[in-house]
Q: 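A single structure is presented below for examination.
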Protein chains: 2
Amino acid sequence: MTTPPPGLRERKKQATREALRDAALRLAVERGPDQVRVDDIAEAAGVSPRTYNNYFASREQAIVSAVTADRETRIAAAVAARPTGVRLADAVTEAVVEQYTNPGEREQQALLLFTTQTTLRDAFLDAAADIEPPLTAVIAERVGDTGAHTARVLAASVAAAVRVALEGWLVPAGNAEATASSSPGGLVVPSGSLPDQLRATLAPLAPAFDAADKRRDRSAGERFEKAAPPAKT
Amino acid sequence: MTTPPPGLRERKKQATREALRDAALRLAVERGPDQVRVDDIAEAAGVSPRTYNNYFASREQAIVSAVTADRETRIAAAVAARPTGVRLADAVTEAVVEQYTNPGEREQQALLLFTTQTTLRDAFLDAAADIEPPLTAVIAERVGDTGAHTARVLAASVAAAVRVALEGWLVPAGNAEATASSSPGGLVVPSGSLPDQLRATLAPLAPAFDAADKRRDRSAGERFEKAAPPAKT
DNA sequence: CAAGAAAAGTGCGTGCACGCAAGTTTGCGT
DNA sequence: ACGCAAACTTGCGTGCACGCACTTTTCTTG
């Protein structure tokens, strides 16, 4: 339905994009990230440097995109796939956790790489913002047209929360003092597993989702104060 | 306590920064934004081009910063200034609205400018993210150490919501079709007043704030069960 | 008040992003 | 099958961000 035959043009385009992504990551891993010139990537992908820049706006973006790929789309799909019975908050959380759990081996190398160079790290964190548009779509479908921008805001908040989680997770290298200083006197789970981090940062948003969700299934006008779900801490 | 005598070094630094900001905005307004070379800004501020780059990482940043100034700090201060009795959500919302309400005349010109060039618009939107760190601090103070990253996530969500509001507000120029397509069939307040937009985008987050807030004054034993203000739509 | 340390300003060189105006490939209607 | 129009690629030129090494200014300490 979405891909009858994609057409040759589109296929070539995707191929080029993938070649570039691939080359970028590979080169960045085998020599250091600083030792990769844009021309190298272009050449490795068999394309002109200028064309490279038609696909990616920065070297970092190219490298990072090899890992992030089309995570955005998959997250949206994963949310849409959950039965409409479950809480929206849970559906989103699980979808996100699921899609950010990659057992790939090349990804591990890449992530390790990201911890070494702040510019790569930043690019990776920025990539998380890409989940907003697709998420907005699926959330909008769930909450209906409650408030004009509700879905947008919720999606954006999720993206922000994910970013926070990733930031807190990508620290193990180098700055042992930064981890210590983040909590003066207490320990804050230096950098537990990513799924845990994600759940932790998404949790505070659950009430907002509940509220948006609630409005929907009681489209008539009664409002009742419902205590927050038993916080198990 | 905060400024004994700021020291001469610091004063000069601020002066330079302001000179750069000023020059950047002024030049951008009088000739078009594209007709402003970095060297021009530097020269107008009486400083070397290289130095300019020590203060700002991009031309857009310099221009935009003339408007955004230290809004971040003021927002945080405004939140902290509210009595602890009011709902946290309200405190934050009002503080944000208040600080984004500028009757300045030069700002108007600038904002108009931002609508014309996407790169400026984007820089302006990105600047909204700067409110996160200070907001995190004040929110953390209110909610205590509920969950490690709760404050961070809430602050980041606010920043995201503000961004959405600004995005929806900075459209009046040119694309009449974009405004129409944003809501297939219904009208979504094409671009009402900024305060309204801000309140609208921040509203969905209120439940999250309430949940975080509740925990806190529950531990103090005093609870203020207040229903959400009658949403009149 | 005299060094010396620390920080800010500067000049230079490099790699890069991107607009523009060709050239080349793909898709489609007749 | 042909040819036109749209999409993609490419080379070139420009302005820019930023690392590095060095000079100048400000702060500190004995």
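A, B, ... follow the sequence lines: proteins, then strands. Residue 1 opens every chain.
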Q: Say whether, by atom type as modelled, one donor and one acceptor occur between the side chain of B/Asp40 and the main chain of B/Arg37 under 3.5 angstrom.
A: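 Yes: the side chain of B/Asp40 pairs with the backbone of B/Arg37.
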Q: Please check this pair: side chain of A/Tyr52 against backbone of A/Glu43, looking for a donor-acceptor N/O pair closer than 3.5 Å.
A: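 Absent.
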Q: With a 4.0 Å cut-off on heavy atoms, is A/Phe56 in touch with a base, just the backbone sugar-phosphate, or nothing at all?
A: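 No contact at all - A/Phe56 keeps every heavy atom at 4.0 Å or more from the nucleic acid.
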Q: Judged by atom type as modelled, is there a donor-acceptor pair below 3.5 Å linking the side chain of A/Thr51 to the main-chain atoms of A/Val47?
A: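 Flag not set: sc A/Thr51 to bb A/Val47 has no pair under 3.5 Å.
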Q: Judged by each residue's nearest nucleotide on DNA chain D, which is more toward the 5′ side, B/Ala57 or A/Thr16?
A: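 Residue closer to the 5' terminus by nearest nucleotide: A/Thr16.
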Q: Got B/Phe56 and B/Ile41 here, is their nearest side-chain heavy-atom distance under 4.5 Å?
A: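 Not in contact.
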Q: State plainly whether the residues B/Glu60 and B/Arg121 are in salt-bridge range, i.e. N to O under 4.0 Å.
A: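 So B/Glu60 does not pair with B/Arg121 through a salt bridge.
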Q: Between A/Asp130 and A/Arg71, does any NZ, NE, NH1 or NH2 come within less than 4.0 Å of an OD or OE carboxylate oxygen?
A: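 Salt bridge flag = no for A/Asp130 with A/Arg71.
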Q: I want to confirm an ordering. Mapping B/Val36 and A/Pro49 to their closest nucleotides on DNA chain D, which one lands closer to the 5' end?
A: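 Counting from the 5' end, the first nearest nucleotide belongs to A/Pro49.
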Q: Can you build the contact string for nucleotides 19-30 of chain C? Use B for base contact, S for sugar-phosphate-only contact, and - for no protein heavy atom under 4.0 Å.
A: BB----SBS---
Q: Is any NZ, NE, NH1 or NH2 atom of the basic residue among B/Arg74 and B/Asp70 found under 4.0 Å from an Asp or Glu carboxylate oxygen of the other?
A: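 Answer for the salt bridge query: yes.
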Q: Taking NZ, NE, NH1 and NH2 as the nitrogens, is one of them in A/Asp22 or A/Arg106 under 4.0 Å from a carboxylate oxygen of the other?
A: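 The answer is yes: the pair qualifies as a salt bridge.
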Q: Please tell me if B/Ser48 has a side-chain N or O lying less than 4.0 Å from either OP1 or OP2 of C/dG9.
A: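 The answer is no; no side-chain N or O of B/Ser48 sits under 4.0 Å from OP1 or OP2.
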Q: Look at A/Glu18 together with A/Lys13 and state whether they make a salt bridge at an N to O cut-off of under 4.0 Å.
A: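 Looking at A/Lys13 together with A/Glu18, the answer is no, because their closest N to O distance does not fall below 4.0 Å.
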Q: Listed in order of residue number, which residues of residues 37-45 of chain A have a non-hydrogen atom at under 4.0 Å from DNA chain C?
A: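 Under 4.0 Å from DNA chain C: A/Arg37, A/Val38.
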Q: Quick test of your reading of the model: are B/Glu132 and A/Arg163 salt-bridged, counting only N-O distances below 4.0 Å?
A: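 A salt bridge is absent here (no side-chain N lies under 4.0 Å from a carboxylate O).
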Q: Between which nucleotides of DNA chain D, 5' to 3', does chain B make heavy-atom contacts below 4.0 Å?
A: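 With heavy atoms of chain B under 4.0 Å away, the range is D/dG15 to D/dC27.
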